[in-house]
Each structure stands twice: as C-alpha cells, then as structure tokens.
Asker: 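Provided herewith is a single structure, encoded as structure tokens, for subsequent inquiry.
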Amino acid sequence: MCDFFVLIARAATALSKKSFTNARVSRIERAIVTAAHRPDADAPDAGKGQRVMIIGGDGYCGWATALHLSKRGYAVSIVDNLCRRQMDDQLGFNSLSPIKGIHERVRRWKEVSGCDIDLFVGDVCDYEFLGAAFKKFQPTACVHFGEQRSAPYSMMDRTRAVFTQTNNVMGTINVLYAIKEFAPECHCIKLGTMGEYGTPNIDIEEGYITITHNGRTDTLPYPKQGGSFYHLSKCHDSANMLFCTKAWNLRTTDLNQGVVYGLSTDETDMHPDLVNRLDYDAVFGTALNRFCIQAAVGHPMTVYGKGGQTRGFLNIKDTVRCIQIACDNPAPYGEMKIYNQFTEQFSVNELAEMITEAGKKIGLNPEVISVPNPRTEMEEHYYNAKNSKLQDLGLEPINMRGEFLEELLKQIVTYKDRVDQRLILPGVNWKESSSVAEVMAK
Ligand code: NAD
Ligand code: USQ
C-alpha cells in the first residue's frame, strides 16, 4: 500500500509541473492505475464477492485461469462438455503433458489448496443445461473460453467447418441469452482472437477505429478479416456480442487474444495432477509450443512458407492475469470493452531463431526447415497491433526472451518420450479442405 501512495504523490508532483508532455502524462496516469491494481491482486481474498463461471475450464487457458482465480478467493465454477478431449481421441492426438480427467483435477485442487471448484459437465449449446448452471451458480462474471479453437481443425472438412461455427456462434448466443435471462448483472468476458483483424496494411487498434469519411467522423468496430472458419466464428461472435450488449444493456468485454505459449502457472505447478495440457500436433499445437517440442525431440522446426507471418504472443501466466484484470474492471452496462490481449509480437522466423539460441544453451541442436505453407495467409506483411489497455490496468508482461525459453525447453525434454513424431507434420491444407470428414492419425 505504501508504494501506492508514494506513486500517487510522485504523480501529483509531476502533474503540477507545467512543462510535461502528453506522453509523460499518459505514463503517469498509467503508473497510478497500475499501482491501484497491484497491491492486493495476489491476496488470498482478492476476488472477495466475485463468482466467476469459467466456460471451457477443462481446456488450456481455462484450467490455468480457474486455478489462478480460485487461489485468490474468487468463487469459481467450471462448465465444460469435454469435447476437446473427444476430438483428441477421434484424431489420435495426445497432450505432451499427461493430463488427468477433470473430476480428478478438481478433487486434487481441493486437496492441495483447500478451495472448492463447482463442476458442470455439459454443452453450452444445450440451453436447458446452461440455464440450470446459471441458476445454480449465479455468476457475477462469466469467462467464455468454451469454443472449438483450432484454425486447422475448422479447415479439415465441411463437417468440421460447420461444427466450429455452430458450436462457437450458437454457444456464445446461448451465453448472452443466459445472462439476460438469469443473471443480467453478470459481466460477460469472451475470448476473441487477434486473428479476427487479419493482417491489414495499417496499424491494428484495440477494437475500434475512428474514421473520417467524406467529411464525417465516427468510431466504428475495427474491420475484421478472419483467415479460417475458426477465426471467422470469432468475428461473428464479436458482432453478436456488440449487438446484444446494446440491445439488452449488458456489460461485456471481448478479449482479442494472441497466440498463447508456455505450460506452467504457479497453481498448475502445485501438484503433478494439476499439470496443464500442451499440444504439439499440427491441428491443435500452436507455433511456439510446437517449435519448442520439435526442438526438444530433434525434429526440425516447421516454418510454414517464408516465415514472415507476424502475430501477437503471450505467456499463459499473462493470460490468467489478464482475465483477473478483466474480472476486476467490468464494462459499464451497454458498453462492450475490447482489449488486444498479447504482450509481444514476433514473426515465425524470429520464434525459430530465439528457440535455436535457447536450445543451444541447454545442449540441444535445433534445426529449422521451411515446409510448404498449408494455409492461405500472407507470409510477409506489415504488422503493428496496439496492446496498451491491459497494461494500463496493471498487466506487467512477461518477456519471451531470456531464461524463459530455456526453462520451457528443459521442462519439455522431461516429457520427450511421450512425443509421437507422426503428429508433427502439417496435415490440413486450406485449399484442399474436403467435403468428407477425415481421420487424422496416420
Ligand atoms: P482448448 O481447446 O484447450 O479449451 C477449450 C475448452 O472448451 C475445451 O475444454 C472444450 O472441451 C471446451 N468446449 C468447447 N466447446 C464447448 C461447448 N460447446 N460447451 C462446453 N465446453 C466446450 O482451447 P484454449 O487454447 O484453452 O482456448 C480457449 C479460448 O481462448 C478459445 O475460445 C480460443 O479461441 C481462445 N484463444 C486461444 C488461444 C491459444 O493460443 N490457445 C489464443 C487466442 C484465443
Ligand atoms: N505456423 C508455422 N509452423 C507451424 C505452426 C504454425 O509456421 O508449425 C505459423 C502459421 O502458419 C501461422 C502462425 O504460425 O502463420 C500462427 O499459427 P498458430 O497455429 O500458432 O496459431 P493460429 O492458427 O492463428 O491459432 C492459435 C490458436 C487460436 C488463437 C490464435 C491467436 O489455436 O485459438 O485464436 O492462435 S491469433 O493467431 O492471434 O489469431
């Protein structure tokens, strides 16, 4: 608390001097807000009074978030239909880390932390089930991670394209109706994606852009150009959410998240049975996690095409903090806040270079190959996305450079016997998306 008042005093002194610039003012304002968030964010009662429903709480981001909030005194429930585990089974994939079933996970968490997590196993597309979960748990915030989240999965075939959009768009509409009907004060925090914006040749703003056209000016949703049926499902979600927010006076936040990397959070490290999932296959594995696993098992890192594709990235430890910040700063009624949730941006080639450097330091010999790009995307492009809003609210980003990558590689090496190298090479081609459902594992 002391630091907080010192910062306020320093900021007030600085503000009283006449010769400050706008940039300095915004830094000072940021310091005040940062300090305001920081003092008790990690206290065991930080979430006092908040009841957070985590939809998709058995997944990569959702599991880590559920534990993070539960440890800090938020009452947490998980809603999940476990369809992600079924997709792995159908396609013959496995998480690199040996994950336990959701019931066992929740029981172990209670044993290790003393905290209860309520569990609702069911589908958000089943409105009767969702309504019952809302009535029973009475959330003050609902964090919606529960969607089919792989771009390649959505491009495998027509069946999976339709499933992705039906599951994601219908699920989100149901969540919005459930809030309206059963918990109108509940803050809806929805995971969108940076990929909704595509790769325009101008700066990417945080959600809205002010445009002057033929002498008139308006602030409008930033143009969307999703690059797969999955990314497009998120664009549709965002439009539906904005409409419902205004029509029903809801409080909503859309988090356009970048690619998440890493395995550990403080809570998932508390017991081996709490370990998070880590995907490395060509459908659910994301670029950095895949490259690290490839480097650890001596498989060349699979850069698609020229490797100039640039994206926003963030550590899973920052994902959980961003969600806590969103919970603590609800949108006003009738307004949809939009944050770009990533901390650093890199090209695919830069990722491969950083992992090569880190791998060499721990005795690996990482190699890189360029494979024909299975996706339809720009391989060299301008990319400059804004991401200051979450930092203004107190996020202190973790950098990818430095010791983090070495630690992640060492962690992965301990699981290397679980890697099935057949799952690494890309198997889904955007142009060849077929009309018939395919079986992946070779
Ligand atoms: P994940 O696949 O690990 O987890 C998603 C969870 O949602 C799974 O446990 C799945 O069973 C559940 N689910 C899906 N459909 C459901 C339904 N109809 N009803 C109930 N549960 C359902 O995915 P993740 O990596 O944790 O991603 C979570 C969210 O964050 C997704 O919406 C994704 O689009 C978004 N996101 C993820 C990343 C990333 O890099 N992982 C980046 C940006 C945005
Ligand atoms: N890529 C490679 N080699 C690989 C895998 C990927 O070069 O082996 C490239 C892809 O072509 C792409 C970039 O890396 O240009 C990112 O691909 P990715 O698979 O890491 O990420 P993406 O398909 O965009 O999807 C992931 C998550 C998704 C989330 C998205 C955030 O699966 O849920 O929405 O990251 S974003 O990319 O910002 O839209």
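Counting convention: from 1, in listed order, for ligands and their atoms alike. A quick note: this is a predicted structure, and the numbers were derived from the prediction, not measured. The basis for the numbers below is simple: all heavy atoms, side chains too, and nothing from hydrogens, waters or symmetry mates.
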Asker: Closer than 4.0 angstrom: is that true for some heavy atom of Y230 and an atom of ligand 2?
Answerer: yes
Asker: When you measure from atom 13 (C) of ligand 2 to each heavy atom in T376, N373, V348, which option holds the nearest one?
Answerer: V348
Asker: Is it the side chain (CB and beyond), the backbone, both or neither of M194 that lies under 4.0 Å from ligand 2, heavy atoms counted?
Answerer: both
Asker: What atoms of ligand 1 come within less than 4.0 Å of a heavy atom belonging to D123?
Answerer: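 Near D123, the atoms of ligand 1 are 17 (C), 18 (N), 19 (N).
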Asker: Counting from 1, what ligand 2 atoms have a heavy atom of Q257 closer than 4.0 Å?
Answerer: 31 (C), 38 (O)
Asker: Would you please classify the geometry between the Y197 ring and the Y222 ring as parallel, tilted or perpendicular, with 30° and 60° separating the classes?
Answerer: perpendicular
Asker: Should E104 and R107 count as an ion pair when the cut-off is N to O under 4.0 Å?
Answerer: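 No, E104 and R107 are not salt-bridged.
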Asker: How close does the nearest protein non-hydrogen atom get to atom 2 (O) of ligand 1, and which residue and atom is it?
Answerer: R84 NH1, 3.3 Å
Asker: Does Q138, at its CD atom, have more than 12 non-hydrogen atoms belonging to other residues, nucleotides or ligands within less than 6.0 Å?
Answerer: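 Counting other residues, nucleotides and ligands, CD of Q138 exceeds 12 neighbours.
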Asker: Quick check: closest heavy atoms across G198 and I204, and the distance to 0.1 Å?
Answerer: O-CD1, 3.9 Å
Asker: Please step through side-chain contact (heavy atoms from CB on, under 4.5 Å) for the pair I316 and L263, ending with a clear verdict.
Answerer: CA-CA 7 Å; I316 182 83; L263 175 62; over 6 Å; no
Asker: If you measure from atom 22 (P) of ligand 2 to every heavy atom of Q309, Q148, R375, which option wins on shortest distance?
Answerer: R375
Asker: Quick one: look up the protein heavy atom nearest atom 11 (O) of ligand 2 and list residue, atom name and how far away it is.
Answerer: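 Going atom by atom, the protein heavy atom closest to atom 11 (O) of ligand 2 ends up being E377 OE2, 2.6 Å.
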Asker: What is the nearest protein non-hydrogen atom to atom 28 (C) of ligand 2, stated with its residue, atom name and distance?
Answerer: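 That would be R149 O, 3.4 Å.
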Asker: Counting C-beta onward and ignoring hydrogens, is there a side-chain heavy-atom pair between D118 and F120 closer than 4.5 Å?
Answerer: yes
Asker: Any heavy atom of G57 closer to ligand 1 than 4.0 angstrom?
Answerer: no
Asker: Suppose I only count heavy atoms of F291 and a 4.0 Å limit; which atoms of ligand 2 are within that range?
Answerer: 3 (N), 4 (C), 8 (O)
Asker: Need the ligand 1 atom indices (1-based, order shown) with element for anything under 4.0 Å from a heavy-atom of R277.
Answerer: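 Those of ligand 1 that fall under 4.0 Å from R277 are 3 (O).
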Asker: For N81, counting its heavy atoms only, list the atoms of ligand 1 lying under 4.0 Å from any of them.
Answerer: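 What qualifies from ligand 1 is 11 (O), 13 (N), 16 (C), 17 (C), 18 (N), 19 (N), 20 (C), 21 (N), 22 (C).
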Asker: Determine whether any heavy atom of Q341 lies closer than 4.0 Å to an atom of ligand 1.
Answerer: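 Distance cut 4.0 Å: Q341 fails for ligand 1.
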Asker: Show the numbers, then the answer: is there a side-chain contact (heavy atoms from CB on, under 4.5 Å) between Q148 and C83?
Answerer: CA-CA 9 Å; Q148 190 303 97; C83 69; over 6 Å; no
Asker: Nearest non-hydrogen atom to atom 9 (O) of ligand 1 belongs to which of T164, T319, L82, D80?
Answerer: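 It is D80 whose heavy atom sits nearest to atom 9 (O) of ligand 1.
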Asker: For A287 and ligand 2, does the shortest N/O to N/O distance drop below 3.5 Å?
Answerer: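 For ligand 2, there is an N or O atom that lies under 3.5 Å from one belonging to A287.
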Asker: Does ligand 2 have any atom sitting under 4.0 Å from a heavy atom of H231?
Answerer: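 The answer is yes, since H231 has a heavy atom less than 4.0 Å from ligand 2.
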Asker: Would you indicate whether Y177, at its atom OH, is surrounded by more than 12 heavy atoms from other residues, nucleotides or ligands within a distance under 6.0 Å?
Answerer: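 Atom OH in Y177 is not packed in, count stays at 12 or less.
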Asker: If you measure from each heavy atom of C83 to ligand 1, is any distance below 4.0 Å?
Answerer: yes
Asker: Does G258 reach ligand 2 with a nitrogen or oxygen that is under 3.5 Å from one of the ligand's nitrogen or oxygen atoms?
Answerer: no
Asker: What's the shortest distance from atom 3 (N) of ligand 2 to any protein heavy atom, and which residue and atom give it?
Answerer: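 Result: T302 O, 2.6 Å.
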Asker: Do other residues, nucleotides or ligands put more than 12 heavy atoms under 6.0 Å from Y208 OH?
Answerer: yes
Asker: Ligand 1 and C61, any nitrogen or oxygen pair closer than 3.5 angstrom?
Answerer: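 Looking only at distances, the answer is yes, because the N/O contact criterion of under 3.5 Å is met.
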Asker: For G312, is the nearest heavy atom under 4.0 Å from an atom of ligand 2?
Answerer: no
Asker: So which heavy atom in the protein is nearest atom 1 (N) of ligand 2, and how far is it from that ligand atom?
Answerer: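 For this ligand atom, the closest protein heavy atom is Y304 CD1, 3.5 Å.
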Asker: What protein heavy atom lies closest to atom 36 (S) of ligand 2? Include the residue and the distance to one decimal.
Answerer: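 So the nearest neighbour among protein heavy atoms is T193 OG1, 3.4 Å.
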Asker: List ligand 2 atoms under 4.0 Å from G195, heavy atoms only on the residue side.
Answerer: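 Within the 4.0 Å cut-off of G195, ligand 2 contributes 36 (S), 38 (O), 39 (O).
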Asker: Between V259, L191, T199, which one has a non-hydrogen atom sitting closest to atom 37 (O) of ligand 2?
Answerer: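 Result: the heavy atom closest to atom 37 (O) of ligand 2 is in V259.
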Asker: Check contact between K234 and ligand 1, using heavy atoms of the residue and a distance below 4.0 angstrom.
Answerer: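 Distance cut 4.0 Å: K234 passes for ligand 1.
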Asker: Report the nearest protein non-hydrogen atom to atom 42 (C) of ligand 1: residue, atom name, distance rounded to 0.1 Å.
Answerer: G258 O, 2.9 Å
Asker: Quick test: of every protein heavy atom, which one is nearest to atom 27 (C) of ligand 2, and how far off is it to 0.1 Å?
Answerer: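 Scanning the protein heavy atoms, the shortest distance from atom 27 (C) of ligand 2 goes to T286 CG2, 3.7 Å.
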Asker: K71 vs W109, test: side-chain contact (heavy atoms from CB on, under 4.5 Å). Steps then yes/no.
Answerer: CA-CA 10 Å; K71 181 84 188 305; W109 175 244; 4.0 Å; yes
Asker: So is F284 in contact with ligand 2, going by heavy-atom distances below 4.0 Å?
Answerer: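 Heavy atoms of F284 never come under 4.0 Å of ligand 2.
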Asker: To which protein heavy atom is atom 40 (O) of ligand 1 closest, and what is the distance rounded to 0.1 Å?
Answerer: V260 N, 2.9 Å
Asker: Atom 23 (O) of ligand 1: which of H231, Q148, K190, R149 has the nearest heavy atom?
Answerer: R149
Asker: Just which atoms of ligand 1 are under 4.0 Å from any heavy atom in G56?
Answerer: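 Close to G56: 6 (C), 7 (O), 12 (C).
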Asker: Run down the list F313, F145, Y153, F129 and name the one with the heavy atom closest to atom 29 (C) of ligand 1.
Answerer: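 Result: the heavy atom closest to atom 29 (C) of ligand 1 is in F145.
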